[in-house]
**Q** 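Got a structure for you, questions after.
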Amino acid sequence: MRFFWRYRRRCFPASFAADIMSAAMDRYNPHELESRWQRVWREEKSFEVPNPSEPAAADRSKKSYVLEMLPYPSGSLHMGHVKNYTMGDVIARFRFRNGFTVFHPMGYDAFGLPAENAAINTGLHPAQLTRINTDNINQQLHRLGVSIDWSRELATCDPEYYKWTQYFFLRFFERGLAYRKEAAVNWCPSCATVLANEQVLQGACERCDTDVETRSLAQWFFRITDYAERLLEDFELLESWPERVITMQRNWIGRSEGAEVIFRVEDMDIDIPVFTTRPDTLFGATFFLLAPEHELVDTLVAGTPREQAVREYAMRTRLKTAVDRAETDREKTGEFTGRYATNPVNSEKIPIYVSDYVLMEYGTGAIMSVPAHDQRDFEFARKFGIEVREVVSGRLEEGEAAELGDGATMNAAFEAGGVMVNSGSFDGMNNLEAGRAITRWLESEGKGKAAVSYRLRDWLVSRQRYWGAPIPIIYCEKCGVVPVPEQDLPVLLPEVEDYAPRGQSPIAANLDFVNTVCPGCEGAARRETDTMDTFVDSSWYFLRYTDPHNNAEAFNRNVVNYWMPVDQYIGGVEHAILHLMYARFFTKVLYDLDMVDFPEPFHNLFTQGMIYYRGAKMSKSKGNVVNPDEHVEKYGADTLRLYILFMGPPELDVEWQDQGIEGTYRFLGRVWRLVNEVVERTADTGYTPDFTGVEKRALKLVRKSNQTIAKVTADISERYRFNTAISAVMELVNDSYLAKDALFETDEGGGVLRFMARTVVSLLDPFAPHICAELWERLGHERLWEETWPKADERFIQEETYELVLQVNGKVRDRVQAPANAGKDDLLELARGSQKIATCTEGKKVVKEIVIPGRLVNLVVK
RNA sequence: GCGGGCGUGGCGGAAUGGCAGACGCGCCAGCCUUAGGAGCUGGUAGGGUUAUCCCCUAUGGAGGUUCAAAUCCUCUCGCCCGCACCA
């Protein structure tokens with residue numbers, strides 16, 4: 001209170017302060033009040049939930065795991081985080097008050113490049129820097145009043161955590177799901193590390209936008225492609241995920257059905273398989289293509305006159321950046337190898353070319369080319385003067401006699417379906433049917449088979465950087481690749497003098513770390529010096545929360561099965577593919593390892609929209625960042641939380657408006673004054689909610705209160721429409737301001753106002769928990785955050801009468817009050833009784849009468 | 001090119017077949033006040049008008065279905081997002 005006085009003296013003339021004080025009502029002061037309640041929650045550990053003592057037997061029906069994506073501690077929280085954590089908090093607090101045991105943990109995705117880059121610049125150890133940032137974020141989250149179980153806080157860079165990340169790596173390795181392979185990989189010259197396919201956007205590094213190069217390096221991969229089919233199938237197990245996220249993952253996995261067909265190279269004892277989605281067009285294959293990087297290219301041309309030209313072409317391709325090669329409207333290029341392949345269906349010899357539009361990473365790196373029915377092949381054929389032979393006709397009816405195709409005159413490939421021509425015994429068939437028939441024929445001849453191909457590649461997890469979990473592998477001259485024994489975990493990240501990347505991890509410079517003893521033969525050996533992709537860390541953190549202090553195992557199986565799966569996951573759509581797919585993959589592997597009982601980690605996913613400012617995404621480079629701390633400083637956390645949810649539907653992108661937040665601040669001030677006036681002017685006569693006999697004006701407010709309870713409850717629980725929930729409370733507050741002066745006159749009215757005030761405070765609590773806790777206390781109650789959520793009284797939801805809309809030919813002509821229980825005939829009677837309706841229908845014939853009770857009557861006249 | 005989303009007042013948005021514009025911002029007016037960047041009350045889509053009355057038009061545009069369309073269907077324009085030589 002003393003602070004309060006000083007504050008006011010400083011800001012306003014003394015006379016003003018005295019004036020306000022004489023009203024015996026203090027001003028809404030969010031800072032004092034918010035820190036008070038934050039202290040209570042922190043000291044009482046209000047939101048900590050212990051694990052059940054018998055998790056295997058515990059009832060799971062009332063548990064709810066509410067999770068927001070953990071922040072990357074690069075400095076401090078931005079508005080997107082505030083939105084994310086506020087939404088999660090509203091859901092968590094709402095569920096808690098509805099009787100759920102809410103599990104709501106928090107942690108930090110603390111490994112990664114930014115901390116390391118900052119360390120290079122500042123000289124601070126990445127661990128120190130990370131600690132500063134996580135402490136800061138912890139403070140920010142407390143200042144937002146988020147209901148977190150802080151006893152479970154974790155950081156993925158702690159050895160107690162990454163020990164288990166390494167443990168999982170070893171289990172993956174045992175299963176053959178982690179493997180090392182020399183491969184052409186994406187290399188970012190600026191970050192000096194390799195990148196996963198998922199981190200390359202338009203041929204450029206996701207993080208720094210530098211053009212990505214291709215390098216051949218020995219790297220560790222996780223065999224996520226083994227799980228492609230299950231990642232697709234198990235979308236069915238999800239309860240509620242945004243359709244577009246599922247679509248994005250589906251596209252990313254890129255499943256295609258077709259056939260693998262074996263072509264034999266003439267005069268050489270070599271078979272080359274190709275994958276095609278169009279086995280029906282096999283008779284139209286007039287040439288054959290290899291990717292320039294294909295391993296057989298050298299063999300095919302060695303010692304032939306074509307050798308030099310082909311090698312030069314392959315070399316040029318290698319020098320091209322991924323960006324250049326991804327350019328789709330480039331003219332087709334290629335070189336003839338001088339070799340021919342035999343088409344298995346008709347024994348025809350077709351020329352083999354190399355061309356850079358064939359990608360080594362997809363299918364088998366070789367294709368059969370059907371220029372009549374593939375636009376890319378068509379362009380190549382026209383440029384190199386190769387025959388275009390039509391084998392699927394769009395101009396014939398099924399079963400009609402085949403005619404000669406017009407390949408020579410086509411000016412584009414015909415990619416649609418049709419009737420087979422020029423295809424031997426398959427002529428006249430529908431092309432889809434023919435595709436299946438040809439595949440069966442190939443299978444019977446041993447020259448091919450039905451096949452499925454995926455766009456998804458294995459997950460490259462090696463990173464040549466410092467600030468990550470070391471890959472727990474040892475290389476021994478004698479024993480080869482040896483996993484670090486489990487009891488030796490964690491492999492601690494060693495100290496280094498210089499974090500700057502040099503094309504290999506900075507760890508490689510620490511010879512004490514690198515030189516070790518082989519666990520197998522005890523001979524001299526070297527440690528792996530690469531660290532793991534940080535997406536590995538965040539692929540299982542939600543499991544560790546359930547048992548974060550377990551030193552003996554990553555988590556207790558019964559405990560993890562009790563809390564998991566996550567009932568509501570909330571985060572940005574930018575993680576639609578990367579994190580969400582990796583976490584699904586990880587969970588499936590653990591399921592197969594029999595460590596967890598659930599194949600999907602996140603049953604419900606909500607992706608929030610972004611907050612824009614001045615027409616663009618907030619970003620430091622554009623200088624249009626709105627800092628949440630400043631707004632907490634100015635208006636308090638409650639106002640910021642309320643505004644951010646009031647701005648619009650949470651899944652849509654919205655524009656931050658500087659003046660908008662003023663409005664929510666004013667609203668909370670209005671609530672503050674209203675409830676305080678009720679506290680002062682009415683006696684707390686105890687809880688007597690039966691208002692059946694009260695007079696009309698009071699009854700109206702009782703109704704509005706109950707309607708608001710119903711609306712807010714539905715908006716939060718069924719639709720996550722926080723904006724409309726908040727506006728409903730605003731309506732109730734507005735109505736109360738208009739009614740209060742009359743209601744204060746009577747005891748009955750006072751009782752109704754008390755009920756209204758309790759309702760407002762109770763409903764607003766998930767959004768603005770501090771002010772509500774304070775007002776609840778002033779209303780003579782305790783611990784609002786534990787209070788049972790109010791339930792609307794059915795008797796007071798329905799109005800006695802409603803406004804019936806009267807239409808003539810669909811146009812509104814009049815409105816009348818109708819009893820709530822009136823039947824169709826009564827409503828029609830009311831309509832006929834209207835003077836305006838009579839005028840409109842005069843002299844005309846009513847041809848149809850539409851009566852929708854509760855809404856309108858529409859008379860159709862001629 | 002393929003896939004998905006969005007388009008409503010000056011602005012953020014409400015309304016999921018049934019009164020378009022809830023709620024908030026901004027703006028205008030009144031009250032209160034020595035004073036207001038405070039508070040309270042009222043008004044605010046556009047056009048017409050005989051002006052507290054009444055009418056017409058309006059949800060990117062054009063058609064359609066329906067007694068009734070912001071909402072469903074077809075075409076079209078614009079913006080945003082994802083994927084993109086994937087055989």
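Quick caveat: nothing in here was measured; it's all calculated off a predicted structure. Every chain is numbered from 1 and lettered A, B, ... according to where its sequence line falls, protein lines coming before strand lines.
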**Q** Can you tell me if A:R673 touches the phosphate of B:C40, counting only side-chain N or O atoms and a distance under 4.0 Å to OP1 or OP2?
**A** yes
**Q** One thing to verify: whether A:R703 and A:E799 come together as a salt bridge, which I'm taking to mean a side-chain N less than 4.0 angstrom from a carboxylate O.
**A** yes
**Q** Can you check the distance between B:A51 and B:A62, where both ends of the measurement are the C1' atom (answer in whole Å)?
**A** 37 Å
**Q** Would you please classify the geometry between the A:H631 ring and the A:Y635 ring as parallel, tilted or perpendicular, with 30° and 60° separating the classes?
**A** parallel
**Q** For a quick check under 3.5 Å, do A:N676 and A:Y28 share a side-chain donor-acceptor pair by atom type?
**A** no
**Q** Indicate for each nucleotide in nucleotides 10-16 of chain B, in 5' to 3' sequence, whether protein heavy atoms under 4.0 Å reach the base (B), only the sugar-phosphate (S), or nothing (-).
**A** -SBSSS-
**Q** Establish, with yes or no, whether the OP1 or OP2 oxygen of B:G4 is under 4.0 angstrom from a side-chain nitrogen or oxygen of A:R250.
**A** no
**Q** How far does the C1' atom of B:G21 sit from the matching atom of B:U59, given to the nearest Å?
**A** 9 Å
**Q** Picking from B:G3, B:A87, B:C19, which would you name as closest to the side chain of A:V358?
**A** B:A87
**Q** Does a donor on one side chain sit under 3.5 Å from an acceptor on the other, for A:T333 and A:Y313?
**A** yes
**Q** Can you tell me, in whole Å, how much space there is between the C1' of B:A45 and that of B:G9?
**A** 5 Å
**Q** So which protein N/O to nucleotides 31-33 of chain B N/O distances come out below 3.5 Å?
**A**
none

**Q** For a quick test of reading the model: is some side-chain N or O of A:R670 closer than 4.0 Å to OP1 or OP2 of B:U41?
**A** yes
**Q** Do any side-chain nitrogens or oxygens of A:R666 fall under 4.0 Å of OP1 or OP2 in B:G26?
**A** yes
**Q** Base, sugar-phosphate, or nothing: which does A:E803 touch, judged by heavy atoms less than 4.0 Å apart?
**A** base
**Q** With a 4.5 Å cut-off on side-chain heavy atoms, are A:V274 and A:F288 touching?
**A** yes
**Q** If we take the C1' atom in both B:A20 and B:U34, what is their distance in whole Å?
**A** 47 Å
**Q** NA contact type, A:S369, heavy-atom cut-off 4.0 Å: base, sugar-phosphate, or nothing?
**A** nothing
**Q** Which protein N or O atoms sit under 3.5 Å from an N or O of nucleotides 46-56 of chain B?
**A**
{"unit_1": "B:C54", "atom_1": "OP1", "unit_2": "A:K836", "atom_2": "NZ", "d": "3.3"}

**Q** From A:L806 CG over to A:E803 CD, what is the distance, rounded to the nearest 0.5 angstrom?
**A** 9.5 Å
**Q** State the dot-bracket string of RNA chain B. Criteria: Watson-Crick or G-U wobble, both atom distances under 3.5 angstrom; notation: ( ) intrastrand, [ ] crossing earlier pairs, | interstrand, . unpaired.
**A** (((((((..(((.....[....)))((((((.......))))))((((.....))))..(((((..]....))))))))))))....
**Q** To the nearest Å, give me how far apart CD (A:E331) and P (B:C85) are.
**A** 18 Å
**Q** Count the heavy atoms of every other residue, nucleotide or ligand shown that sit under 6.0 Å from CG of A:D658, and state whether that count exceeds 12.
**A** yes
**Q** A side-chain contact here means heavy atoms from C-beta on lying under 4.5 Å apart; do A:R855 and A:V805 qualify?
**A** no
**Q** Say we look at B:U71 and B:C23: how far apart would their P atoms be, to the nearest angstrom?
**A** 24 Å
**Q** Name the nucleic acid region contacted by A:G254, choosing base, sugar-phosphate or nothing; use a 4.0 angstrom heavy-atom cut-off, strictly under.
**A** nothing
**Q** With a 4.5 Å limit on heavy-atom distance, are the side chains of A:V654 and A:Y612 in contact?
**A** no
**Q** Anything under 30° is parallel, anything over 60° is perpendicular, the rest tilted; go ahead and classify A:F380 against A:F287.
**A** parallel
**Q** Drop me the distance from A:E257's CD to A:T277's OG1, to the nearest 0.5 angstrom.
**A** 10.5 Å
**Q** Quote, to the nearest angstrom, the C1' distance that separates B:G42 from B:U49.
**A** 24 Å
**Q** Figure out the CG/C1' separation between A:L359 and B:A87, and round it to whole Å.
**A** 9 Å
**Q** Taking CD in A:E633 as the centre, count heavy atoms belonging to other residues, nucleotides or ligands within less than 6.0 Å. Is the count above 12?
**A** no
**Q** Just by distance, with hydrogens left out, do A:D638 and A:Y643 show a side-chain donor and acceptor under 3.5 Å apart?
**A** no
**Q** Between CH2 of A:W252 and CZ of A:R455, what distance do you get to the nearest 0.5 Å?
**A** 4.5 Å
**Q** Let's see if you can work this out: which of B:G26, B:G82, B:C85 has an atom nearest to the side-chain heavy atoms of A:Y357?
**A** B:C85
**Q** Passes ring pair (Phe, Tyr, Trp, His ring centres under 6.0 Å), A:F606 versus A:Y720? Steps please.
**A** CA-CA 9 Å; A:F606 191 98; A:Y720 293 165; 5.6 Å; yes
**Q** Quick check for you: to the nearest 0.5 Å, what is the distance between A:L804 atom CG and A:S834 atom OG?
**A** 10.0 Å
**Q** Can you confirm whether the side chains of A:R670 and A:N734 place a donor and an acceptor under 3.5 Å from each other?
**A** yes
**Q** Looking at A:R832 and A:E849, does any basic side-chain N land under 4.0 Å from a carboxylate oxygen?
**A** yes
**Q** Tell me whether B:G13 sits syn or anti, counting syn as a glycosidic angle within 90° of 0.
**A** anti
**Q** Using whole Å, what does the distance between atom P of nucleotide B:G24 and atom CG of A:L645 come to?
**A** 17 Å
**Q** Please enumerate all protein N or O atoms sitting under 3.5 Å from an N or O of nucleotides 64-67 of chain B, with distances to 0.1 Å.
**A**
{"unit_1": "B:C67", "atom_1": "OP1", "unit_2": "A:K848", "atom_2": "NZ", "d": "3.1"}
{"unit_1": "B:C67", "atom_1": "O2'", "unit_2": "A:N858", "atom_2": "ND2", "d": "3.3"}
{"unit_1": "B:C67", "atom_1": "O2", "unit_2": "A:N858", "atom_2": "ND2", "d": "2.6"}

**Q** Quick check on RNA chain B: between A:Y612 and A:T364, whose nearest nucleotide comes earlier from the 5' end?
**A** A:Y612
**Q** Kindly state which residues belonging to residues 734-744 of chain A come within less than 4.0 angstrom of RNA chain B, counting heavy atoms of the residue only, listed by number.
**A** A:N734, A:Y737, A:L738
**Q** Using the P atom on both, measure B:A14 against B:A69 and round to a whole Å.
**A** 23 Å
**Q** For A:F414 and A:H373, take the angle between the two ring planes, folded into 0 to 90°, and tell me which bin it lands in: parallel under 30, tilted 30 to 60, perpendicular over 60.
**A** perpendicular
**Q** With a 4.5 Å heavy-atom cut-off, do A:V857 and A:I850 have their side chains touching?
**A** no
**Q** Consider the side chain of A:E731, meaning its heavy atoms from C-beta on, and name the nucleotide among B:C23, B:C85, B:A87 that approaches it most closely.
**A** B:C23
**Q** Rounding to the closest angstrom, what is the interatomic distance between B:G7 and B:C27 at atom P?
**A** 28 Å
**Q** When rounded to the nearest 0.5 angstrom, what is the spacing between CG in A:L764 and CG in A:L732?
**A** 10.0 Å
